[in-house]
Chemist: 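Supplied in structure tokens, the structure appears directly below.
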Amino acid sequence: MNSDSDLFYERARKMSSPGIDGDPKPPCLPRNGLVKLPGQPNGLGAASITKGTPAAKNRPCQPPPPPTLPPPSLATPLSRVALAGGPCPPASGPASGPVPGPPVERPPLATDEKILNGLFWYFSACEKCILAQVCKAWRRVLYQPKFWAGLTPVLHAKELYNVLPGGEKEFVNLQGFAARGFEGFCLVGVSDLDICEFIDNYALSKKGVKAMSLKRSTITDAGLEVMLEQMQGVVRLELSGCNDFTEAGLWSSLSARITSLSVSDCINVADDAIAAISQLLPNLAELSLQAYHVTDTALAYFTARQGHSTHTLRLLSCWEITNHGVVNVVHSLPNLTSLSLSGCSKVTDDGVELVAENLRKLRSLDLSWCPRITDMALEYVACDLHRLEELVLDRCTHPYTPGRCVRITDTGLSYLSTMSSLRSLYLRWCCQVQDFGLKHLLAMRSLRLLSLAGCPLLTTTGLSGLVQLQELEELELTNCPGATPELFKYFSQHLPRCLVIE
């Protein structure tokens, strides 16, 4: 009996004291399903957690001082010895089952190119420029041409050069633009030398640039000729506010590859410029011309070649053009689908009748700022232009009452109500349009865009009837006294898909 008692006390002494080799105590014995954790050196004291929970599997019973353990691996769960605070078995030891391989590493979400390629579509062009500066990974994704398609960089002359410490100028690096694959540029305030520097420093200038726009620049005939000769890919050209080139420069530089040409506010452009355009640009599809000195004679220069290819003609503020010029247009360009006579103040209802009878393919017609247009012109339009989708009647102003449209009335709108193809109608500052005329528009269920900005006689009651146009996508009511906050709230409830511009 004495020997058995001695053996029992000897085992109890070993359990309550450290081992000979300095090994820590064995784990606390479980009792009633709980594991008691000894006091922690951080002062949190003892705690109890339910045995078998995830927390119990990952939190060892640590007596002070805590042993140094390797971080747990998700691939190999801790053994009971490790949970008890004992030494972990070596990694090279025998295992009861197959050892899984290391986990597959994936890039962080912030640099995952697959995720970024979808995410960056939700940002505007200005926001993309900022995001491209975050890190190299984001820049690499954002500098793909697909994110910049359809955008045109605008570069001012002062932005094309860096000033060196010695005071000399160095042309900027355009590699970032080349990486994004821009096909068009707008250069503002440049000279012949600046254009030559741009051609030499932009890698894609020879073949990759499809569109060039020069605004308020001092380009001469020689500079224009060099630019179009060197940049063989240019098919769209815009010249605005360039007063140093002449009509002779157009004769020497225009190339047959150009399909779109826009010339505005260039003081040296007159009838001979139209002759050069008609003779040298057989493939011209779009022409926009804003010139105060172009006459009816110039519009007779168009040949049968343009008659087949040209589909868009914009004559903006061509004050000298009359109904005779309109006759030349409808006979020379019978395939037009878009025509603008905006600011052609000498065109009358008879000219509009010529357009309606001869240009049956028209889909867009702009008669804004034509003070001689009356309700009769709208009748011609409604009767003959069955494919028309867009009609602009902004400020059809009487010459003796500036700012007042006294020629487009409710009667004219009654004619337009029969046009089932019309999708966009602009009636800005048509000051004689009243609620009665607005009722005629309610029958035009095909309307998607309607502008009534500056119409002072429209009341809140009349405007509220527009909720019948359930397919309306955009409604402009700026400067309308009848457009009240209550009306805008009413529209938000009954036209939820419509953008209302206050």
Side-chain angles (χ1 to χ4, degrees), residues 123-145 147-250 252-255 258 262-269:
F123 294 92
S124 66
C126 294
E127 293 169 336
K128 292 174 187 174
C129 292
I130 299 174
L131 294 175
Q133 303 176 37
V134 171
C135 63
K136 292 181 179 180
W138 285 26
R139 175 174 294 187
R140 183 171 58 253
V141 174
L142 277 169
Y143 270 30
Q144 298 177 86
F147 289 114
W148 309 94
L151 298 176
T152 301
V154 179
L155 301 177
H156 293 256
K158 61 182 179 180
E159 300 172 342
L160 296 177
Y161 298 92
N162 293 324
V163 180
L164 300 178
E168 299 180 355
K169 291 184 177 181
E170 179 186 41
F171 202 83
V172 297
N173 189 345
L174 299 177
Q175 292 182 357
F177 293 98
R180 286 173 279 184
F182 287 112
E183 295 185 348
F185 281 87
C186 177
L187 304 182
V188 182
V190 297
S191 63
D192 292 350
L193 179 60
D194 298 330
I195 293 173
C196 292
E197 290 285 351
F198 174 82
I199 295 174
D200 293 338
N201 287 275
Y202 187 59
L204 303 179
S205 63
K206 304 290 184 180
K207 298 290 186 181
V209 176
K210 306 298 183 184
M212 280 298 295
S213 174
L214 303 179
K215 295 185 176 181
R216 302 189 301 276
S217 299
T218 58
I219 185 172
T220 64
D221 294 345
L224 187 60
E225 185 175 356
V226 169
M227 183 185 74
L228 293 179
E229 181 180 353
Q230 294 291 324
M231 304 178 72
Q232 292 291 318
V234 172
V235 295
R236 299 185 298 275
L237 176 63
E238 179 184 6
L239 302 171
S240 177
C242 301
N243 296 324
D244 291 335
F245 79 92
T246 65
E247 293 171 324
L250 294 179
S252 62
S253 61
L254 290 182
S255 171
I258 294 178
S262 176
V263 181
S264 61
D265 279 329
C266 300
I267 60 175
N268 295 318
V269 173

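Keep in mind that the numbers below use all heavy atoms, side chains included, and drop hydrogens, waters and symmetry copies.
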Chemist: Grab the two heavy atoms, one from Val172 and one from Glu159, that are nearest each other, plus how far apart they are.
Modeler: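 Where Val172 meets Glu159 most closely, the heavy atoms are CG1-O, 3.4 Å.
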Chemist: Using the side chain to side chain donor-acceptor pair (under 3.5 Å) rule, collect all pairs that involve residues 129-139, keeping only residues at least two apart or in two chains.
Modeler: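 Listed once each, the pairs would be none.
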Chemist: Checking the side chain of Trp148 only, and the main-chain atoms of Leu142 only, is there a donor and an acceptor separated by less than 3.5 Å?
Modeler: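 Confirmed, Trp148 side chain pairs with Leu142 backbone.
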Chemist: Taking only residues two or more places apart in sequence, or in another chain, which ones meet Phe177 in a ring-ring contact (aromatic ring centres under 6.0 Å, His included)?
Modeler: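 Per chain and number, Phe177 pairs via ring-ring contact (aromatic ring centres under 6.0 Å, His included) with Phe182, Phe185.
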Chemist: What are the two closest heavy atoms between Ser252 and Gly249, and how far apart are they?
Modeler: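 Minimum heavy-atom separation between Ser252 and Gly249: OG-O, 3.1 Å.
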Chemist: Step by step, would you call Phe245 with Asn268 a side-chain contact (heavy atoms from CB on, under 4.5 Å)?
Modeler: CA-CA 7 Å; Phe245 79 92; Asn268 295 318; over 6 Å; no
Chemist: What residues form a side chain to side chain contact (heavy atoms under 4.5 Å, CB included) with Ala248, not counting sequence neighbours?
Modeler: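 If we apply the side chain to side chain contact (heavy atoms under 4.5 Å, CB included) test to Ala248, skipping adjacent residues, the hits are Asp221, Thr246.
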Chemist: Residues two or more places apart in sequence or in another chain: which of them pass side chain to side chain contact (heavy atoms under 4.5 Å, CB included) with Asp265?
Modeler: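 Applying side chain to side chain contact (heavy atoms under 4.5 Å, CB included) to Asp265 gives Gln290, Tyr292.
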Chemist: So, using side-chain hydrogen bond (donor to acceptor under 3.5 Å, both in side chains) as the criterion, who are the partners of Glu127 when residues are at least two apart?
Modeler: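 So Glu127 forms a side-chain hydrogen bond (donor to acceptor under 3.5 Å, both in side chains) with Ser124.
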Chemist: Could you check whether any side-chain N or O of Asn162 sits under 3.5 Å from a backbone N or O of Glu170, counting only pairs where one atom can act as donor and the other as acceptor?
Modeler: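 Side chain of Asn162 to backbone of Glu170, a donor-acceptor pair under 3.5 Å: no, none is there.
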Chemist: Could you pull out all residues at least two apart from Thr152 that satisfy side-chain hydrogen bond (donor to acceptor under 3.5 Å, both in side chains)?
Modeler: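 Expected list: none.
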Chemist: Would you call Cys186 and Val188 a side-chain contact if the rule is heavy atoms closer than 4.5 Å?
Modeler: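 Yes. Closest side-chain heavy atoms under 4.5 Å.
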Chemist: Just by modelled atom types, is the Ile267 backbone N or O under 3.5 Å from a matching donor or acceptor in the Asn243 side chain?
Modeler: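 Pair found, side chain donor or acceptor close to backbone of Ile267.
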Chemist: To check you understand the geometry: which heavy-atom pair defines the closest contact between Asn201 and Leu174, and what is its length?
Modeler: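 Shortest heavy-atom separation between Asn201 and Leu174 comes out as O-CB, 4.3 Å.
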Chemist: Go through it in stages, so that I can follow the logic: the residues are Phe147 and Lys128, the test is side-chain contact (heavy atoms from CB on, under 4.5 Å), and I'd like the CA-CA distance, side-chain angles, deciding distance and then a yes or no.
Modeler: CA-CA 9 Å; Phe147 289 114; Lys128 292 174 187 174; 4.1 Å; yes
Chemist: Applying side-chain hydrogen bond (donor to acceptor under 3.5 Å, both in side chains), can you list everything that pairs with Glu225, at least two apart in sequence or on another chain?
Modeler: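 If we apply the side-chain hydrogen bond (donor to acceptor under 3.5 Å, both in side chains) test to Glu225, skipping adjacent residues, there are no hits.
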Chemist: What's the separation between atom CG in Leu151 and atom SG in Cys126, rounded to the nearest 0.5 Å?
Modeler: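 If I round to the nearest 0.5 Å, the distance is 9.5 Å.
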Chemist: Can you give the donor-acceptor pairs under 3.5 Å from side chains of residues 203-217 to other protein atoms, not counting sequence neighbours?
Modeler:
| from | atom 1 | to | atom 2 | distance (Å) |
| --- | --- | --- | --- | --- |
| Ser205 | OG | Ile199 | O | 2.7 |
| Ser205 | OG | Tyr202 | O | 3.0 |
| Lys206 | NZ | Gln230 | OE1 | 2.8 |
| Ser213 | OG | Glu238 | OE1 | 2.9 |
| Ser217 | OG | Gly189 | N | 3.3 |
| Ser217 | OG | Val190 | N | 3.2 |
| Ser217 | OG | Lys215 | O | 3.0 |

Chemist: Under 3.5 Å, is there a donor on one side chain and an acceptor on the other for Thr220 and Asp244?
Modeler: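 No - no donor-acceptor pair under 3.5 Å links their side chains.
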Chemist: With sequence neighbours left out, what residues match Gln175 under side-chain hydrogen bond (donor to acceptor under 3.5 Å, both in side chains)?
Modeler: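 Gln175 satisfies side-chain hydrogen bond (donor to acceptor under 3.5 Å, both in side chains) with no other residue.
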Chemist: Which heavy atom of Tyr143 sits nearest a heavy atom of Ala132, and at what distance?
Modeler: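 What the structure gives for the nearest pair is CE1-CB, 3.9 Å.
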Chemist: Working to the nearest 0.5 Å, report the span between CD of Gln232 and OG of Ser255.
Modeler: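 Here the interatomic distance stands at 7.0 Å.
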Chemist: Which pair of heavy atoms, one from Met231 and one from Phe198, lies closest together, and at what distance?
Modeler: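 So the two residues come closest at CE-CE2, 4.1 Å.
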Chemist: If the condition is side chain to side chain contact (heavy atoms under 4.5 Å, CB included), which residues does Ser191 pass it with, not counting sequence neighbours?
Modeler: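 Side chain to side chain contact (heavy atoms under 4.5 Å, CB included) list for Ser191, sorted by chain: Leu193, Asp194, Thr218.
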Chemist: May I have the step-by-step check of side-chain contact (heavy atoms from CB on, under 4.5 Å) for Leu254 and Leu224, ending in yes or no?
Modeler: CA-CA 9 Å; Leu254 290 182; Leu224 187 60; 6.0 Å; no
Chemist: Can you check side-chain contact (heavy atoms from CB on, under 4.5 Å) on Met227 and Leu187, steps first, answer last?
Modeler: CA-CA 12 Å; Met227 183 185 74; Leu187 304 182; over 6 Å; no
Chemist: Minimum heavy-atom separation for Asp192 to Ile219, with atom names?
Modeler: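 Where Asp192 meets Ile219 most closely, the heavy atoms are OD1-CA, 3.2 Å.
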Chemist: Under the side chain to side chain contact (heavy atoms under 4.5 Å, CB included) test, which residues partner Lys169, sequence neighbours left out?
Modeler: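 With neighbours one apart ignored, the set is Tyr161.
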